[in-house]
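To start, the structure under review is shown below, and the notes come after it.
Here is how names work: the chains are called A, B, and so on, in the same order as the sequence lines, proteins then strands, and each is numbered from 1. Values in this document were obtained by computation on a predicted structure and should not be read as measured data.
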2 protein chains.
Amino acid sequence: MTDRPRSRPKTRIQRRNSEAILEAALDVFSAQGFRGATLDQIAQAAGLSKPNLLYYFPSKEAIHIELLNGLLDVWLAPLRALDPAGDPRDEIIGYMRRKLEMSREMPRESRLFANEMLQGAPHMGATLSTELRTLVDDKAGVIRGWSEAGRIAAVDPYHLIFSIWALTQHYADFDVQVRAVLGAGRDPYDEAGPFLDRLFERLLAR
Amino acid sequence: MTDRPRSRPKTRIQRRNSEAILEAALDVFSAQGFRGATLDQIAQAAGLSKPNLLYYFPSKEAIHIELLNGLLDVWLAPLRALDPAGDPRDEIIGYMRRKLEMSREMPRESRLFANEMLQGAPHMGATLSTELRTLVDDKAGVIRGWSEAGRIAAVDPYHLIFSIWALTQHYADFDVQVRAVLGAGRDPYDEAGPFLDRLFERLLAR
DNA sequence: GTCTATACCGTGATAGAC
DNA sequence: GTCTATCACGGTATAGAC
């Protein structure tokens with residue numbers, strides 16, 4: 001049983017190469033999907049040979065899982081940051097804005113998750129029903145409390161969260177379509193911000 | 001140059017097999033993506049041998065393109081049906097409801113398109129900038145007219161259409177996630193209908 | 001501890017018998 | 001018009017040299 005560098009990166013070169021691989025894999029997986037990506041593409045983008053790449057990760061699937069798990073925390077951070085003690089309207093619209101900003105700054109990550117969801121989440125299924133669900137249940141409770149206290153309008157908190165996900169991720173995941181429709185001169189995100197502000201302000205207004 | 005059955009299906013068996021192939025391909029492509037799907041899977045689902053399948057379609061890509069093109073009309077029909085002479089609120093919310101119904105009844109088609117968009121629309125790129133854009137420009141003009149006439153609130157018509165796409169397709173494309181969060185007992189679509197009704201009613205209210 | 005050469009398999013597509 | 005057999009390729013993964 002050899003100690004794979006993955007388990008606990010030690011040398012500088014190991015760290016460096018592992019990170020280069022994950023960065024390259026994010027590029028390729030998000031653009032081509034899991035099956036569409038090839039180790040050759042990832043290896044080339046990482047500046048390594050294909051067999052050398054497989055020295056750092058045991059398999060293509062292992063790279064994919066590592067990416068998904070590593071990204072999940074980043075992805076859910078904005079929702080975690082929703083503060084029960086804050087102003088309801090500011091918290092919800094602020095959350096939406098952070099998600100929109102993430103679509104703009106991290107479209108590859110958005111597409112990686114979208115690909116995984118479309119395939120039925122073969123590598124994340126368990127996490128969805130446990131970690132994600134727990135978090136959403138928690139925050140939905142907060143939002144429900146705000147509704148019942150009359151601080152925002154009465155809305156289903158779960159579908160409110162879904163609508164934030166759908167509306168913000170759409171601009172990353174369907175980027176081609178959005179840009180094809182808007183044309184070259186317009187910036188989708190600059191326009192989406194104010195539009196979504198107004199949408200949620202009206203939805204939440206008492 | 002042999003006359004391929006695809007060009008103009010003649011015999012009953014040719015029609016039958018071609019349709020079986022497209023139906024099977026929709027199943028497999030929507031679940032696995034283009035690269036993830038194999039001709040073996042499609043052939044088996046269609047009840048044919050792999051070489052026999054390739055007698056009806058020249059290549060895997062040809063099947064995919066045929067599917068996408070054939071579906072586009074169905075997919076855009078609800079937007080085409082948006083009636084400039086109708087009541088603005090009824091037309092827009094009716095459009096949203098038809099799209100939501102399509103997510104419920106045709107989730108495979110929704111995922112097929114989502115997969116294609118995520119990959120950057122390699123097989124549809126041209127259509128987006130022409131046919132789709134023309135249609136959206138047209139309907140956006142109608143909606144803008146309603147806004148300017150004061151019949152609905154002033155909203156960006158393009159992002160209004162995007163928001164309808166995003167919110168309705170989300171329930172089909174992210175089905176696993178939605179069901180994982182809601183749990184087994186709840187029906188996502190039954191709940192989404194009233195939620196989205198209210199959302200758009202508030203958005204459009206003067 | 002890192003990379004080169006290579007094995008092996010699944011996939012898309014073809015040739016030719018029936 | 002359909003099937004069996006097969007090819008060539010690209011893919012993942014391993015063995016072994018440096």
Side-chain angles (χ1 to χ4, degrees), chain A residues 1-22 24-29 31-68 115 119 122-123, chain B residues 1-22 24-29 31-68 115 119 122-123:
Chain A
M1 174 156 289
T2 168
D3 55 339
R4 285 269 179 194
R6 258 204 66 244
S7 50
R8 199 175 306 135
K10 289 158 192 159
T11 77
R12 189 172 307 130
I13 190 166
Q14 282 174 351
R15 257 204 171 281
R16 204 181 140 280
N17 279 344
S18 288
E19 279 170 17
I21 290 170
L22 288 175
L26 175 58
D27 244 34
V28 179
F29 281 138
Q32 319 269 351
F34 178 72
R35 289 286 304 271
T38 73
L39 290 181
D40 259 329
Q41 294 174 307
I42 300 174
Q44 190 176 350
L48 278 78
S49 71
K50 182 165 57 173
N52 194 13
L53 181 150
L54 285 167
Y55 166 73
Y56 291 96
F57 289 88
S59 71
K60 180 182 174 181
E61 198 175 17
I63 305 177
H64 194 239
I65 293 176
E66 177 96 353
L67 261 187
L68 286 174
N115 261 309
Q119 319 287 321
H123 296 147
Chain B
M1 175 156 288
T2 167
D3 55 340
R4 283 272 180 191
R6 259 206 67 246
S7 50
R8 199 174 304 135
K10 288 157 192 158
T11 75
R12 190 172 305 130
I13 191 166
Q14 282 174 349
R15 259 203 169 282
R16 204 181 140 280
N17 278 344
S18 288
E19 280 170 17
I21 290 169
L22 289 174
L26 175 58
D27 245 34
V28 179
F29 280 137
Q32 319 267 352
F34 179 72
R35 288 287 304 272
T38 73
L39 290 182
D40 262 328
Q41 293 173 308
I42 300 174
Q44 190 178 350
L48 278 77
S49 70
K50 182 166 59 169
N52 194 13
L53 181 151
L54 285 167
Y55 168 73
Y56 288 97
F57 289 87
S59 71
K60 181 183 177 181
E61 198 175 17
I63 304 177
H64 195 239
I65 293 176
E66 177 95 354
L67 260 187
L68 286 174
N115 261 309
Q119 319 287 320
H123 296 148

Open item on the list: Applying side chain to side chain contact (heavy atoms under 4.5 Å, CB included), can you list everything that pairs with A/A43, at least two apart in sequence or on another chain?
Closed with: A/K50, A/L53
- [ ] Return the value, rounded to whole Å, for the distance between atom NZ of A/K60 and atom P of D/dT12.
- [x] 4 Å
Task: Spacing of A/I63 atom CD1 relative to D/dT12 atom P, expressed in whole Å - done: 9 Å
Open item on the list: A/P51: which residues meet the side chain to side chain contact (heavy atoms under 4.5 Å, CB included) condition with it, sequence neighbours left out?
Closed with: A/S49
TODO: Identify the two heavy atoms, one from B/I13 and one from B/Y56, that lie closest to each other, and give their separation to 0.1 Å.
DONE: O-OH, 4.3 Å
Task: Qualifying residues under side chain to side chain donor-acceptor pair (under 3.5 Å), relative to B/E19, sequence neighbours excluded - done: B/R15
- [ ] Under the salt bridge (charged side-chain N to carboxylate O under 4.0 Å, His left out) rule, collect the residues that match up with A/E61, sequence neighbours excluded.
- [x] none
Open item on the list: In whole Å, I'd like the distance from the CG atom of B/L39 to the C1' atom of D/dC9.
Closed with: 14 Å
Task: Distance in angstrom units between A/D40 CG and D/dA13 P, rounded - done: 13 Å
TODO: Any chance you could list the contact pattern along nucleotides 2-7 of chain D? Use B for base contacts, S for sugar-phosphate-only contacts and - for none, protein heavy atoms under 4.0 Å, 5' to 3'.
DONE: BSBB--
TODO: Pick base, sugar-phosphate or nothing for A/A37, based on heavy-atom distances below 4.0 Å to the nucleic acid.
DONE: sugar-phosphate
- [ ] Would you please name every residue forming a side chain to side chain contact (heavy atoms under 4.5 Å, CB included) with A/A31, sequence neighbours left out?
- [x] none
Open item on the list: What is the separation between atom CG on B/L53 and atom P on C/dG12, rounded to the nearest whole Å?
Closed with: 10 Å
Task: Integer-rounded Å distance: C/dA7 C1' and A/L54 CG - done: 14 Å
- [ ] Starting from C1' on D/dT12, measure out to NE2 on A/H64 and report it in whole angstrom.
- [x] 16 Å
